[in-house]
Amino acid sequence: METTFDFEKPIADLQTQIEKVQQVAEKTKVDMNATVRELEEKLEITKQEIYNNMTGWQKVQMSRHPERPQTFDYIEMICDEFIELHGDRTVKDDKAIVGGFASIGGQSVMVIGHQKGKNTKERQYRNFGMANPEGYRKALRLMKMAEKFNKPVITLIDTMGAYPGIEAEERGQGEAIARNLLEMSILKVPVICIVIGEGASGGALGIGIGDRVYMMDNTWYSVISPESCSSILYRSWDQKEKAAESLKLTAKDMLGNGLIDGIIAEPLGGAHQNPSIAAQNVKDKILSDLTILQAKDTDTLIAERIDKFSKMGVVNE
């Protein structure tokens, strides 16, 4: 395991033991298959125990894994073709949000998503996936183009939040996100939104209003990150684990509260363990939902979308 978190240490230790036993067997020519099998069985049991009982904070850590697939990875794995489109036609081309026309299983769609970057240089180029107003306006331009040509919209959400810099506020960050919420709620084509990593605050919501909203198993979706929540409530980041549990930000919590439509399974240990399986699960969900959504007339599609979000947070006493 190239990158391990604290809670994964028992798994990493067992993997190291297996490697050492195999090396000894190779050098001494002694049959140690029984020992290896015993350790592999113990490893599998340990993985099941750890990954099937992860806390909210551990899910947050997993969503940030440096090897976790990002938007371009999913596009490469699930799309037959992809043509990237650039710019908001007003300010510039925001690299934190990418998008363009694509073909998935013979179905033409518009794919839009956050792109964080895989290394330091790329993360700086992509602004760590934190979009400026022009990023959300680019996304809206692409959505309206998809509407013009009657193509479904697929959004892939993975951001720590919208960029909070002064220049972003000067160019209307809040208005850009609010405009997207309005326009996406009445878009005349099917919209499917999937949280593939982090789903933080308005930065995620800016491309997160859809007929179907899903979270991958090891992701989080919340108005604020655990660290920021802890710093506000406890004046320190030390309570981030407690904040993560209180925020109810995991996919299971969100589904239980009726805020998402479903959970997309990941390979045991996270999407980075077997990206192709994770991508196939995403692709299958998209294609199955498009069949259902495209059968509905426009008025029904919009009415159901608005009704779904209008019901959120309503309490009947």
Side-chain angles (χ1 to χ4, degrees), residues 71 85 88-91 94 96-99 109-115 127 129-148 151-165 168-215 219-225 228 247 249 254-255 257-262 289 293 296 298-314:
T71 293
L85 302 173
D88 69 338
R89 301 297 185 265
T90 304
V91 179
D94 191 327
I97 287 186
V98 299
V109 298
M110 177 69 76
V111 178
I112 301 166
H114 298 98
Q115 180 68 19
N127 201 32
M130 297 186 293
N132 280 276
E134 48 270 24
Y136 293 103
R137 291 176 179 134
K138 173 171 76 170
L140 180 57
R141 181 178 76 82
L142 299 187
M143 291 177 201
K144 299 302 275 185
M145 185 183 294
E147 183 181 60
K148 178 180 179 181
K151 301 300 180 185
V153 174
I154 312 298
T155 70
L156 304 177
I157 300 165
D158 185 14
T159 181
M160 296 180 287
Y163 183 60
E169 299 299 338
E170 288 176 342
R171 294 196 298 273
Q173 184 72 286
E175 187 279 336
I177 293 173
R179 174 65 61 181
N180 278 22
L181 302 186
L182 170 63
E183 296 290 350
M184 289 188 78
S185 67
I186 57 175
L187 211 62
K188 296 178 181 178
V189 292
V191 183
I192 298 174
C193 308
I194 303 172
V195 181
I196 61 171
E198 298 185 87
S201 193
L205 277 178
I207 58 170
I209 305 298
D211 303 292
R212 298 287 186 272
V213 180
Y214 297 105
M215 291 176 66
T219 64
W220 65 276
Y221 201 9
S222 176
V223 69
I224 192 170
S225 70
S228 297
L247 286 168
L249 43 63
M254 293 290 288
L255 182 62
N257 288 325
L259 300 175
I260 61 171
D261 298 293
D289 276 7
L293 295 173
K296 299 182 180 184
T298 302
D299 291 340
T300 301
L301 198 68
I302 295 174
E304 289 182 354
R305 188 187 307 150
I306 292 174
D307 187 54
K308 180 178 75 167
F309 282 91
S310 297
K311 288 179 179 178
M312 294 181 184
V314 174

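Position 1 is the first residue of the sequence, and the numbers go up from there. Here the structure is a predicted model, which means the values were calculated and not measured.
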Next item on the list: Under the side chain to side chain donor-acceptor pair (under 3.5 Å) rule, collect the residues that match up with Arg179, sequence neighbours excluded.
Entry: none
Checklist line | Closest heavy-atom pair and its distance - Ile177, Ala162 | finding: CD1-CB, 3.8 Å
Notebook entry, point to check: Roughly how far, to the nearest 0.5 Å, is the CG atom of Asn180 from the CG atom of Leu140?
Noted result: 5.0 Å
Item checked: Residues that Asp261 engages under side chain to side chain donor-acceptor pair (under 3.5 Å), provided they are two or more places apart -> Lys308
Margin query: Distance check, rounded to the nearest 0.5 Å: Leu259 atom CG versus Met254 atom CE?
Written below: 4.5 Å
Checklist line | Contacts of type side chain to side chain contact (heavy atoms under 4.5 Å, CB included), residue Asp88, not counting sequence neighbours | finding: Thr90, Val91, Glu134, Arg137, Lys138
Margin query: Just to verify, what does Asp307 make a salt bridge (Lys or Arg N to Asp or Glu O under 4.0 Å) with, not counting sequence neighbours?
Written below: Lys311
Checklist line | Side chain Thr155, main chain Ile207, donor-acceptor under 3.5 Å | finding: yes
Notebook entry, point to check: If only atom types and distance count, is the side chain of Ser310 paired as donor or acceptor with the main-chain N or O of Ile306 below 3.5 Å?
Noted result: yes
Margin query: Could you report the tightest heavy-atom contact between Leu187 and Met143, atom names first, then the distance?
Written below: CD2-CB, 4.0 Å
Check: Lys188: what forms a side chain to side chain contact (heavy atoms under 4.5 Å, CB included) with it, not counting sequence neighbours?
Finding: Glu147, Thr298, Ile302
Checklist line | Exercise: identify the closest heavy-atom pair between Gly208 and Ile157 | finding: CA-CD1, 3.8 Å
Margin query: Given 3.5 Å as the limit, does a donor-acceptor pair link the side chain of Ser225 with the main chain of Ser228, or not?
Written below: yes
Notebook entry, point to check: Is there a side-chain contact between Phe309 and Val213 (heavy atoms, below 4.5 Å)?
Noted result: yes
Next item on the list: Hey, could you give me the CG/CD distance between Asp94 and Gln115, rounded to the nearest 0.5 Å?
Entry: 12.0 Å
Checklist line | Heavy-atom check, side chain of Val109 versus side chain of Val111, under 4.5 Å | finding: yes
Next item on the list: Apply salt bridge (Lys or Arg N to Asp or Glu O under 4.0 Å) to Arg305 and list each qualifying residue two or more places apart in sequence or on a separate chain.
Entry: Asp211
Check: Residues two or more places apart in sequence or in another chain: which of them pass side chain to side chain donor-acceptor pair (under 3.5 Å) with Ser185?
Finding: none
Item checked: Interatomic spacing from OH in Tyr136 to CZ in Arg171 - rounded to 0.5 Å -> 13.0 Å
Next item on the list: Would you give the length of the straight line joining atom NE2 of His114 to atom OG1 of Thr159, rounded to the nearest 0.5 angstrom?
Entry: 4.5 Å
Next item on the list: Could you pull out the closest heavy-atom pair between Asn132 and Ala168, with the gap in Å?
Entry: OD1-CB, 3.4 Å
Quiz: residues 189-206 side-chain donor-acceptor pairs under 3.5 angstrom, not counting sequence neighbours:
| from | atom 1 | to | atom 2 | distance (Å) |
| --- | --- | --- | --- | --- |
| Glu198 | OE1 | Arg64 | NE | 2.7 |
| Glu198 | OE1 | Arg64 | NH2 | 3.3 |
| Glu198 | OE1 | Trp220 | NE1 | 3.4 |
| Glu198 | OE2 | Lys116 | NZ | 2.5 |
| Ser201 | OG | Val223 | O | 3.2 |

Notebook entry, point to check: Between Gln173 and Ala131, what is the shortest heavy-atom contact and its length?
Noted result: NE2-O, 3.1 Å
Notebook entry, point to check: Can you tell me how far the CE atom of Met184 sits from the CD1 atom of Ile186, to the nearest 0.5 Å?
Noted result: 12.0 Å
Notebook entry, point to check: Of all residues at least two apart in sequence or in a different chain, which pass the side chain to side chain donor-acceptor pair (under 3.5 Å) check with Tyr221?
Noted result: none
Next item on the list: Side-chain contact test, heavy atoms from C-beta onward, threshold under 4.5 Å: evaluate it for Met110 versus Ile154 and give yes or no.
Entry: no
Note to self: Run the salt bridge (Lys or Arg N to Asp or Glu O under 4.0 Å) test against Glu304 and tell me which residues pass, sequence neighbours left out.
What the structure shows: Lys296
Checklist line | Minimal non-hydrogen separation, Gly129 against Ala96, with atom names | finding: C-CB, 3.8 Å
Check: Hey, which of Val98, Leu85, Val153 is the one that makes side-chain contact (heavy atoms from CB on, under 4.5 Å) with Ile112?
Finding: Val153
